[in-house]
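Notes follow the structure.
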Amino acid sequence: MNREKPLLLISNDDGIAAKGLNELIRTLKGIGEMLVMAPESPRSGYSMCFTTENAIHYETIRQEEDLTVCKCNGTPTDCTKLGLYVLAPRVPDLVIGGINHGDNSAVNVHYSGTMGVVKEGCLKGIPSVAYSLCNHHLDADFTPTLPYVRTITEKVLQHGLPRGICLNINFPDIPYYKGVKICRQTDGDWIKEFVPCVHPYRDHYFWVTGEYINFEPDAENTDHWAMDHGYVAVTPTSIDVTAYHFMEELKDWHL
């Protein structure tokens with residue numbers, strides 16, 4: 001690998017064969033060296049889970065100039081750790097998660113394996129960015145996202161990010177975007193999260209589903225509002241989850 005070029009470590013949670021990942025690789029060609037370490041099959045909703053009770057292994061499946069693509073039997077976080085500690089010839093200049101099939105706005109940021117990738121990179125002090133499209137279909141059309149993905153990637157490489165801050169970027173599923181909105185995370189939650197079914201020989205079993213409720217649909221500074229109105233939502237996301245505004249009140253409890 002060429003030390004004069006930026007090194008990008010890329011992973012996802014949709015798996016090595018996902019269209020979003022392969023569109024990302026194609027779009028970022030020429031920006032730098034790309035080291036891809038992705039799960040061998042989908043790992044959506046794994047957040048920052050990592051494997052402790054089984055061995056982790058990987059296989060290199062593609063090798064070209066400035067591109068190494070590997071699949072791993074672990075989680076998205078496992079993939080990021082393995083890429084950082086085993087395969088990367090030096091500390092990457094950027095960690096990228098995506099492009100995810102499905103948005104990771106609002107509370108989804110806490111469940112997302114795509115965000116698990118960038119949180120792991122961010123914890124290690126590496127600028128990290130997640131890209132997600134609000135379309136779950138295997139053959140989703142990523143075409144409108146790609147110019148923004150390349151531009152934002154180049155901007156992060158140029159400017160860097162503060163330690164402890166990563167970017168969560170969500171694209172609405174529309175043909176054209178009005179532009180970019182810098183947003184905060186929407187306040188909302190999921191309801192009706194399970195569909196019960198009856199097994200003929202056992203008790204009920206359940207499929208995970210859900211309906212998202214936006215608690216502040218008119219708040220124009222949120223990621224959901226931005227996407228609902230045709231904008232790319234860019235949310236700076238902090239690793240430090242301390243509720244600083246509550247610390248003084250908590251002291252008054254005299255614990």
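Computed from a predicted structure; not experimentally measured.
Here Lys5 does not pair with Glu33 in a salt bridge; the nearest charged N to carboxylate O distance is not below 4.0 Å. For Arg184 and Glu216, the salt-bridge test passes: some basic side-chain N is under 4.0 Å from an acidic carboxylate O.
The closest side-chain donor-acceptor pair between Asp240 and Thr242 falls under 3.5 angstrom. A donor and an acceptor atom, one from each side chain of Asn100 and Thr114, are located under 3.5 Å apart. Side chains of Thr75 and Asp78: a donor-acceptor N/O pair is present below 3.5 angstrom, by distance only. In the model, Arg43 has a side-chain atom that pairs as donor or acceptor with a side-chain atom of Ser41 under 3.5 Å.
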For this session: Start with the C-alpha gap between Ile56 and Cys72, add the side-chain angles, then the distance that decides, and say whether side chain to side chain contact (heavy atoms under 4.5 Å, CB included) holds.
Result: CA-CA 7 Å; Ile56 301 297; Cys72 171; 3.7 Å; yes

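At a threshold of 4.5 Å between non-hydrogen side-chain atoms, the residues Pro144 and Ile174 do not count as touching. Contact of the Leu161 side chain with the Val156 side chain is registered, since non-hydrogen atoms from C-beta on lie closer than 4.5 Å. Val117 has its side chain out of reach of Asn12: every pair of non-hydrogen atoms, C-beta onward, lies at least 4.5 Å apart. Here the side chains of Cys183 and Thr222 are not in contact, with every heavy-atom distance at 4.5 Å or above.
Contact record, Ser11 with Ala38: OG-CA, 3.8 Å, taken as the closest heavy-atom pair. The shortest heavy-atom contact between Val118 and Val95 is CG1-O, 4.3 Å. Annotation for Arg90 and Pro6: closest pair NH2-C, 4.1 Å, computed over non-hydrogen atoms. Of all heavy-atom pairs spanning Pro76 and Tyr46, the tightest one is CD-CB, 4.1 Å. The heavy-atom pair separating Asn108 from Asp103 by the smallest distance is ND2-O, 3.5 Å. Taking all atoms of both residues into account, the shortest heavy-atom contact from Pro42 to Asp14 is CG-O, 3.5 Å.
Remark: His137 NE2 is loosely packed, at most 12 non-hydrogen atoms of other residues, nucleotides or ligands lying under 6.0 Å away. Atom OH of Tyr212 has more than 12 heavy atoms from other residues, nucleotides or ligands within 6.0 Å. Environment of CD in Glu65: sparse, with no more than 12 heavy atoms of neighbouring residues, nucleotides or ligands closer than 6.0 Å. In this structure, Tyr85 places its OH atom where only 12 or fewer heavy-atom neighbours from other residues, nucleotides or ligands lie under 6.0 Å away. By the 6.0 Å contact criterion, CZ on Phe50 is open, its count of non-hydrogen atoms from other residues, nucleotides or ligands being 12 or less. Around NZ of Lys81, the count of heavy atoms belonging to other residues, nucleotides or ligands within 6.0 Å exceeds 12. Remark: Ile182 CD1 is packed, more than 12 non-hydrogen atoms of other residues, nucleotides or ligands lying under 6.0 Å away.
A side-chain hydrogen bond (donor to acceptor under 3.5 Å, both in side chains) with Tyr131 holds for exactly one of Asn170, Asn168, Thr153; it is Thr153.
A side-chain donor-acceptor contact under 3.5 Å links Asn73 to the backbone of Ala55. Judged by distance alone, with hydrogens and angles left aside, the side-chain atoms of Thr143 form no donor-acceptor pair with the main-chain N or O of Asp141 at under 3.5 Å.
From Leu94, atom CG reaches atom CG of Leu9 across 9.0 Å, with rounding to the nearest 0.5 Å. To the nearest 0.5 Å, atom OG1 of residue Thr145 and atom CG of residue Asp173 are 10.0 Å apart.
Hydrophobic clustering of Ile, Leu, Val, Met, Phe, Trp and Tyr side chains at less than 4.5 Å, counting indirect connections, unites Ile31 with Leu67. With hydrophobic clusters built from ILVMFWY side chains whose heavy atoms lie under 4.5 angstrom apart, Trp225 does not share a cluster with Ile169.
Between His101 and Phe142, the distance from one ring center to the other falls under 6.0 angstrom.
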